[in-house]
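Remember, it's a predicted structure, so these values are computed and weren't measured experimentally. Letters A, B, ... are given to chains in the order of the sequence lines, protein chains preceding strands, and every chain is numbered from 1.
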Amino acid sequence: MPRKYEPQEIEPRWQRRWEDDGLYVSTPRSDKPKYYALVMYPYTSGDLHVGHWYNFGVADAHARYKRMQGFNVLMPFGFDAFGLPAENAAIDSGVHPFTWTMRNIERMEQQTRTIGGVYDWSKEVATCLPEYYTWNQWLFLKFYERGLAYRAKAPVNWCPKDQTVLANEQVIDGRCERCETPVVRRDLEQWFFKITAYADELLDFSQIEWPERVETMQRNWIGRSEGVEFRISVDGRPDLEIPVYTRRVDTVFGITWVVLAPEHPLVDELTAPEQREAVRAYQEQARRQTEIERLATDKEKTGVPIGAFAINPANGERVPIWIADYVLLTYGTGAIMAVPASDERDFEFAQKFGLPIREVVCPGEAWGHDPSSGVHPELPEAYVAPGTMVNSAQFDGLPSPEGSERIADWFAERRIGRRTINYRLRDWLISRQRYWGTPIPMLYCERSCGVVPVPEEDLPVVLPEDAEFKPTGESPLATHASFVNATCPRCGGPATRETDTMDTFMDSSWYFLRYVDPKYDRPPGFDPDKAAYWMPVDQYMGGVEHAVMHLLYARFFIRVLRDLGLVNFSEPFTRLYNQGIILGPDGYRMSKSRGNVVNPDEYVQKMGADTVRCYLMFIGPWDAGGPWNTQGISGVHKFLNRVWTLATDLTPKPPLPSLGEGAGGEGQASAGGTMAFNEADARLRRALHQTIRDVTDDMDKFRFNTMLAKLMSLSNLMQDLQVSVSGEAWSEAVRALLLMLAPSAPHIAEELWTVELGLPYSIHAQAWPKWDPGLAAEDELT
RNA sequence: GCCGGGGUGGCGAAACGGCAGACGCGGCCGACUUAAAAUCGGCUCCCCGUGAGGGGGUCGGGGUUCGAAUCCCCGCCUCGGCACCA
């Protein structure tokens, strides 16, 4: 009686055996090319959900394929273990964040093991442990020494619910990335990393193969803009000048007013007494707005004149100065020239407040205008495209792009302006007013030394266990007296500690370096030799949600490490793949409130991990994601059952010499008759070698859905032909089928290979099958 | 508004410019079974036809080509990103 396929029995058994044999423990070796496969480490949220399986299970299949192809694969695993939810859980339930986090890690680790992956658990990392965060602190000090970590008072994003500041990257549509509370502005002293120093370099993607859209998102985020910065003088105040930035210096003759951001430092100085009241009221109103309100593009323009006037350096004209919240303090110089004829926003503002509009770039033919006529019909809207310059003195008649260059030169000669480049990217704000994170290793000497870094030999600054972590708007550590009070390492006088903790994106910016040897206990926190062997990551796999956060920070971080002489490459992740999102059976994003959450453990118990892995691969292209179909999974399960039957139940036929009666023609087997062995063999062989060829190609290109479809077709054909093929052809096909299935369904493949067919353990140490182009070729082409 | 991805059966999806719908789900019919499950076999884009066969069909409209789901142009819809960044 043939055995039944029982994944519940097979899977844990093989998982234990692989673990006991250390099958997936990776070490540097010179006889094989290295391949660092990496999945984005999960946050310690508590449970492994389907999305994790989609990432970790499918990524594992690809890594297994690379192993079989002869690569020395490193595929580590760890946990992103600091962060707000642990603290919030502690506040809600009274469990200490450490306890909560470690409990979740234990649980998630067990669940991850049920995937049956090649994850090398000897390399496991948890970022909340001192053995990890010590090196966050060490690296922070290096950044500080290099002038790349600095403290500044700046307007920052404040989440009123989470009671902490956020990096720009963590504000999505004006809301906190975590809790979606509208963010407000605050002026605070905070620690920043100087990512802007690397803005240009981060725009260079030539060393990496990433999805186009991620590159685009990063490019947009960095927002490089080339233009001219020039000074506008203030009427009656020879001591003052207003710097403005523009990309359209060709339009300077069209300036009809100047705008300052409401918070601009010159506003108080310049406001005329009679406007003081109105200005103050406007500033107050602007300050109270949330980011969402302020940045809404469909909002009506608002503003007030401050009663002062500016002199246009191009033509000496006197124009009014306004403040308006459509000008942002944090971009450019926080002040603009307004040219309503050539800018949509200024045009709208002019209409609202009845300000003059003067055409300086004639649209020409496009709008039926004639630049040389001297007649300029009223513009129905701002004309922003290039045209012919008019009303611009000596520059009249020039095409406007050329005019830009000429005026830029003219300003430069007169020393009132220069070409400059602006970025939208802001420096990375890394302070957090929360408990569960890495303490920033800085001290404030109360006597005379000011800001003093904690000496390296005093690291780590240990996060105290006993803190009151209710959010108050101030770091919880600030109320912990024995933590706060310290001694100045320079003068020995009293000092206080920095009580803010680091953004958790600090942790994720280098964890992949720590993985190469997580026990390494010397600076810089990772083994340089092992890192030199394994890095950079060959294939990074994870969600697209980190496109401008983690992925940008890590690229910055590694460049800094390179400049510190700690690594010798610039890009951490050579190739990136973003898998899609698995939706609930109803087609919506899974959420507890919707009640459409699929629990992978349930399906693992019912049908096995191999089935769940294969189903996730089969559902569609990996980058597309899609709804989990409760019924669809049975098709994949049936397929694995069929493979089981093919390999166990159907006894191979004895090899027979083909006698070739009537063979040679391409005739179909007649209905009800049997094919000659050699003809059936030929058909099976051809299909097999075509399958190997196609499956290999699909594997290389992450097309797991069609890869499995082809294995299904092959197994269907084998079933049809099993009564007519020779044992030899059959056996070749069964072995190759199992080898090709091994990455996707590692347990069943191992069981059939090792136990049922008695072939050498382990199938996962075998070479990927090769195809013979001659056998794969079609006999005839029409 | 700008920049990308996409639009193909009842559903998830396939298809070097060359037989549209592989593979799977669901559905229908049949075999096995006392019965059901499981398993196995057949059918399953639409229309006409018992059949062989014929006609139509890949969001809509044009175009290139011997030949277009695929390439080009216009439009519609949809998903994602960015968006008062001067």
Rounded distance (Å) that lies between atom P of B:G5 and atom CZ of A:Arg213: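 My rounded result for the distance is 11 Å.
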
Contact under 4.0 Å: A:Tyr326 side-chain N or O vs B:A86 OP1/OP2: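 Negative; the distance criterion is not met.
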
Nucleotides 20-26 of chain B: protein proximity per nucleotide (B base, S sugar-phosphate only, - neither; heavy atom, under 4.0 Å): --BBSSS

Out of B:G41, B:A13, B:A86, whichever nucleotide has its closest atom nearest the side chain of A:Asp720: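 Closest nucleotide among those given: B:G41.
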
Counter-base of [N], judged by Watson-Crick or G-U geometry with both distances under 3.5 Å:
N     : value
B:C82 : B:G1
B:G6  : B:C77
B:G26 : B:U44

Aromatic ring proximity A:Phe353/A:Trp257, centre distance under 6.0 Å: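 No, they do not, as the ring centres are separated by 6.0 Å or more.
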
Check: A:His546 ring centre within less than 6.0 Å of A:Tyr540 ring centre: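 No, too far apart.
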
Sugar-phosphate, base or nothing in reach of A:Val548, heavy atoms under 4.0 Å: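 Since no nucleic acid heavy atom lies under 4.0 Å of A:Val548, the category is nothing.
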
Sugar-phosphate only, base, or nothing, as touched by A:Pro621 at under 4.0 Å among non-hydrogen atoms: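 The residue A:Pro621 makes sugar-phosphate contact but no base contact.
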
Trace of the ring-ring contact (aromatic ring centres under 6.0 Å, His included) decision for A:Tyr577 with A:Phe702: CA-CA 9 Å; A:Tyr577 195 100; A:Phe702 292 88; 4.6 Å; yes

Aromatic plane relationship, A:Trp428 with A:Tyr553 - under 30° parallel, 30 to 60° tilted, over 60° perpendicular: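 Parallel, since the angle between the ring planes stays under 30°.
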
Residues A:Asp343, A:Arg248: salt bridge by 4.0 Å N-O rule: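 Salt bridge absent between A:Asp343 and A:Arg248.
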
Salt-bridge criterion met for A:Glu300 and A:Lys352 (N-O under 4.0 Å):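 Salt bridge present between A:Glu300 and A:Lys352.
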
Conformer about C1'-N of B:G9 - syn within 90° of 0, anti elsewhere: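 B:G9: syn glycosidic orientation.
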
Residue whose closest nucleotide on RNA chain B lies nearer the 5' end, A:Ile336 versus A:Thr216: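 Here A:Thr216 is the residue nearer the 5' end.
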
Residue whose closest nucleotide on RNA chain B lies nearer the 5' end, A:Met337 versus A:Gly620: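 Of the two residues, A:Gly620 wins.
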
Pairs satisfying side-chain hydrogen bond (donor to acceptor under 3.5 Å, both in side chains), at least one member in residues 703-713 of chain A, at least two apart: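 Output for this query lists A:Asp697-A:Arg703, A:Asp698-A:Arg703, A:Asp698-A:Thr706, A:Asp698-A:Lys710.
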
Residues in contact with RNA chain B, drawn from residues 245-257 of chain A - heavy-atom cutoff 4.0 Å: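 Under 4.0 Å from RNA chain B: A:Tyr245, A:Thr246, A:Arg247.
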
Nearest heavy-atom neighbours spanning A:Asp427 and A:Ile195: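 Heavy atoms only, the tightest pair is OD1-N, 3.2 Å.
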
Heavy-atom closest pair, residues A:Val50 and A:Val598: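 So the two residues come closest at CG2-O, 3.1 Å.
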
